[in-house]
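Since this is a predicted model, take the numbers as computed values, not measurements.
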Amino acid sequence: MATTGFLLFISLTLPLFIQVATATFHAKGSVYCDTCRAGFETTATFYIQGARVAIECKERKSMKVVFYTEGVTDSKGSYHIEVENDHRDHICQCLLVHSPLKWCNTPDPGRNRSSIVLTHYQNGVVNHVHHANAMGYLKDKPLIQCHRLLKYYLSD
């Protein structure tokens, strides 16, 4: 009886483990233009259509790039990049590659990349959609109303 129960358990759960191990990951995020050069998103921020974003994974010890792919943001400034295979022992990041806006194409040094986990190995995550923090470019010159806006945000 115990052997039958064990075989039943294995036959029901094994396909779930195989699906997790061979699944495609869906990396999602957004790219914005920091019109106030604040270093964070504000009410004056807008999202960039047509920005190129990359996902890069490196080996943990050698830091050699073992995976690289690019995607483009949609009309709402969001990207969705599919990544094949589990990157269990890799350090993966989303990176800004190119902004189509000449007046907003300087990557914000603090928001030009975002770490992303692309594995299910011993982390308890079974969802295949993984979100990265928003990344941003700085506008060449801040908007006139930014002084007032930043004063409001930094009032505390």
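T35 places a side-chain N or O within 3.5 Å of a backbone atom of A44 that can act as its donor or acceptor partner. Of the possible polar contacts, one joining the K139 side chain to the K141 backbone as a donor-acceptor pair under 3.5 Å is found. Formation of a donor-acceptor pair under 3.5 Å by the S30 side chain with backbone atoms of S78 is not found in this model. Remark: the backbone N or O of A51 is paired with a side-chain donor or acceptor of T73 at under 3.5 angstrom. Side-chain N or O atoms of D34 include one that pairs as donor or acceptor with a backbone N or O of G39 at under 3.5 Å.
Annotation: the span from H90 atom NE2 to E56 atom CD amounts to 12.0 Å, rounded to 0.5 Å. Between the OG1 atom in T106 and the CG atom in L101 there is a gap of 11.5 Å [rounded to 0.5 Å]. Rounded to the nearest 0.5 angstrom, N112 CG and Q93 CD are separated by 8.5 Å. Atom OH of Y152 is separated from atom OG1 of T42 by 11.5 Å, given to the nearest 0.5 angstrom. To the nearest 0.5 Å, atoms NZ (K76) and CD (Q49) are separated by 11.5 Å.
Salt bridge present: R111 and E41 bring a charged side-chain N and a carboxylate O closer than 4.0 Å.
What you find for L150 and C36 is that their closest heavy atoms are CD1-O, 4.1 Å. Scanning all heavy atoms of the two residues, the minimum distance from Y137 to S99 falls at OH-N, 3.4 Å. Nearest heavy-atom pair across I55 and A27 is CD1-CB, 3.4 Å. Listed here is the closest heavy atom pair of P109 and L138: CD-CD1, 4.3 Å. Taking each heavy atom of L96 and P107 in turn, the nearest pair found is CD1-CB, 4.2 Å.
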- Task: Decide ring pair (Phe, Tyr, Trp, His ring centres under 6.0 Å) for H130 and H26; before the verdict, give the C-alpha distance in whole Å, the side-chain angles of both, and the deciding distance to 0.1 Å.
- Result: CA-CA 6 Å; H130 293 239; H26 302 273; 9.4 Å; no
- Let me see the working for V53 and M135 under side-chain contact (heavy atoms from CB on, under 4.5 Å), right down to the final yes or no. CA-CA 9 Å; V53 176; M135 299 181 291; 3.7 Å; yes
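With hydrophobic clusters built from ILVMFWY side chains whose heavy atoms lie under 4.5 angstrom apart, L95 does not share a cluster with I81. In the hydrophobic clustering of ILVMFWY residues, with side-chain heavy atoms under 4.5 Å counting as a link, F40 and L149 come out together. With hydrophobic clusters built from ILVMFWY side chains whose heavy atoms lie under 4.5 angstrom apart, V117 does not share a cluster with Y68.
Under the salt bridge (charged side-chain N to carboxylate O under 4.0 Å, His left out) criterion, R52 pairs with E70, not counting sequence neighbours.
By the neighbour-count criterion of 12 heavy atoms within 6.0 Å, atom NE2 of H98 is densely surrounded, having more than that number from other residues, nucleotides or ligands.
Residue pairs satisfying the salt bridge (Lys or Arg N to Asp or Glu O under 4.0 Å) criterion with at least one member in residues 97-107, sequence neighbours excluded, are absent.
Here the side chains of F25 and I116 are not in contact, with every heavy-atom distance at 4.5 Å or above. Between Y79 and C94 the shortest side-chain heavy-atom distance falls below 4.5 Å.
The aromatic rings of Y47 and Y32 sit perpendicular, their planes meeting at an angle over 60°, well past the 30° parallel limit.
Partner of S62 under the side chain to side chain donor-acceptor pair (under 3.5 Å) criterion, out of K58, E59, K64: E59 alone.
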